Amino acid sequence: MTDHTTEEPTRRDFIYIAAGGAAAIGGALTIWPFIHQMNPAADTLALGSIRKDISSLGVGQEITVMFRGGPVFIRRRTEAEIAEARAVELDRLPDDLARNENLPDDASAADANRVLNPEYLIVKGNCTHLGCVPVGNGAGDYDGWFCPCHGSHYDASARIRRGPAPENLPVPAYIFENEGAVVKLGATSDEVAAAGWSVA
Amino acid sequence: MSHQSTYEPKTGIEKWLDSRLPIVRLGYDSFVDFPTPRNLNYWYTFGGILAVFLVIQILSGVVLAMHYVPHVDHAFDSVERIRRDINYGWLIQSMHANGASFFFVAVYLHMFRGLYYGSYKAPREVLWIIGVVIYLLMMAAAFMGYVLPWGQMSYWGATVITNLVGALPVVGEGIREWLWGDFAVGNATLNRFFSLHYLIPFLIAGLVILHIWALHVPGNNNPTGVEVKGKGDTLPFHPYYTVKDGFAIVVFLMIFAGFVFYLPSVLGHADNSIEANPLVTPAHIVPEWYFLPFYAILRAVTFDFGPISAKLGGVLAMFGAIGVLFALPWLDRSPVKSMRYRPIAKWCFLIFVIACLGLGWCGAENPDNMVFEFGGIGMPFVVLSQILTAYYFIYFLVILPVLGFVEKPKERPESIEASVLGSSPAAAPAE
């Protein structure tokens, strides 16, 4: 069989390694479809945008809409709330990033970076701690939202102020249409770029 | 297995089969003539009880799957239909739901038994580790099974637990969406949980075979922790332990039946009688009772620890609480197995059991509620759970390693036979 006296690799050594390598790589490539099948499917991804008429929303009112399987809060803020949110010094915020899909990742958590129109605050409605839906309409110690599950308090800009949640409620990609009467959630990056979003 | 086989095929068919597939021999050597320490007490019956409950869960589960519909629009109604309209569905659904709880009662008693008598020590480390893997799979199966009825607690429990993964740096959010198959817990999640919930019990069954195999190579531990030395130390498994296990199984099933028939929903949560609603979070999300200690550990970490956020810290502590069990055979440095002969470890163990029960209590309460309060001074549950969590880890990581060096064990009997029948071999009665 194999000549054990030679130090040189034989043809058989080469075949062993080539066959073993092909089997290992082939096996690894076969695993990928079985992993990737669990990621969101094409039709799930296609349901990624909705439109909502907000023209009937009064000052100080708040609605919750379903978007991508979860709640989105749309709050038409009062002058007092806007003033309160803008008066907060940034170094008092546990999370100093805007968490705004419409802006660069490093945008600061200033209220101006959280809204397109200061009157309308639009954020995803799952607590960044473990995903519960916080109670709104000025709840909590900071006049915003309060999560009853583990006691996270969010302010009038939906930024985390106290409690176990690590991040501000994220702002989804959105634009206004029909002169502000309609909000489109899940806007494309081109639409966002044309909508006037900018870092304050 | 490890002992000499004493099986002698008597009938023609047994002889014919024995030279082709000696499966009757395997059963005989494992469950009839298997030499078992003669001093096993009732704490040693929970292994048999667990085997019975695995069978109950699989049989009742297969039946439920014939009527259950894993779709977000139909799941809740199909479970209600099982409970109201399917012939005997009320019975089988109750058996399955309560069976999960009793499965965990038995596994916790089984594990505490192993901790007390040092059953994880050499040469039974592999036996112990397989047991911990089985326990992990049981938790996964129970968690996914609880999601299937698609009530409020199902949905929000799933949301909270899958969100834990999001705490991992960098890859967390990608893995979370991968688990969900969506941007939130939804139909894709329910479907895959149903598929995996059906798979896991069969994985457990396979591991149970390995668990028994790993048990039968070194043989049973026993309450003295002294290894079997001679024939006088053991009795054949049948009839001595088939009868003893059988009696314990009957008693345990009687308690189980009491719940199945008279308290079918008492271990569940009222909020799970409301269909899942992604827009309304229940006032107080709690897992099933058997996860409460770990839920308390998760919520006990309320502070950042260096670069580790409180959220990630809680997740690490919760998984660490189970992970530490894998290392236990090497953490406990004492050569003495049974805590009967370990005067300090015995008390530390008792406090450990109380800590586990206390963590369960903390897990059921709102963290900000007060354990006690008078004159403006009190202690919220979050502080109690921090104290108990600290003890949980100190027990494994400090107490057991250190006691191995500083504790002076009591004198142990020279053999199992001597511990049962007195030290004089002459006193041994005839079998």
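Residue numbering restarts at 1 for every chain, and letters A, B, ... go by the order of the sequence lines. What you see is a predicted model; the values in this text were computed from it and never measured.
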- Query: Most heavy-atom pairs under 4.5 angstrom with chain B, which of A:Leu45, A:Val135, A:Ile35?
  - Reply: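 Of the candidates given, the most pairs with chain B belong to A:Ile35.
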
- Message: Quick check for you: among A:Cys127, A:Pro166, A:Cys132, which has the greatest number of heavy-atom pairs under 4.5 Å with chain B?
- Response: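 Most heavy-atom pairs within the cutoff with chain B belong to A:Cys132.
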
- Message: Among residues at least two apart in sequence or on other chains, which ones pass side-chain contact (heavy atoms from CB on, under 4.5 Å) with B:Val315?
- Response: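 Per chain and number, B:Val315 pairs via side-chain contact (heavy atoms from CB on, under 4.5 Å) with B:Leu164, B:Ala167, B:Leu298, B:Phe319.
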
- Task: Quick one: closest heavy-atom pair of A:Gly69 and B:Pro278, and the distance?
- Result: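 Looking at all heavy atoms of both residues, the shortest contact is O-CB, 4.0 Å.
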
- Message: If you compare all heavy atoms of B:Ala184 against all heavy atoms of A:Gly70, which two are closest, and at what distance to 0.1 Å?
- Response: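 What the structure gives for the nearest pair is CB-N, 4.4 Å.
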
- Would you indicate whether B:Phe305, at its atom CZ, is surrounded by more than 12 heavy atoms from other residues, nucleotides or ligands within a distance under 6.0 Å?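 No, the 6.0 Å shell around CZ holds no more than 12 heavy atoms from other groups.
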
- Heavy-atom count around A:Phe34 CZ within 6.0 Å, excluding the residue itself: above 12?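 Atom CZ in A:Phe34 is not packed in, count stays at 12 or less.
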
- Out of curiosity, A:Leu130 CG to B:Ile285 CD1, how far, rounded to the nearest 0.5 Å?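 Rounded to the nearest 0.5 Å, the CG-CD1 separation comes out at 8.5 Å.
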
How about the chain A/chain B donor-acceptor pairs under 3.5 Å, what are they, with distances?
from     : atom 1 : to       : atom 2 : distance (Å)
A:Ile35  : O      : B:Trp178 : NE1    : 2.6
A:Met38  : O      : B:Arg192 : NH1    : 2.9
A:Met38  : O      : B:Arg192 : NH2    : 3.0
A:Thr128 : O      : B:Lys311 : NZ     : 2.9
A:His129 : O      : B:Lys311 : NZ     : 2.8
A:Leu130 : O      : B:Asn163 : ND2    : 3.0
A:Val133 : N      : B:Thr281 : OG1    : 2.6
A:His150 : NE2    : B:Tyr295 : OH     : 3.1

- Query: Checking heavy atoms, do the side chain of B:Ala283, its backbone, both or neither come under 4.5 Å from chain A?
  - Reply: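 Backbone of B:Ala283 only, per the 4.5 Å heavy-atom cut-off to chain A.
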
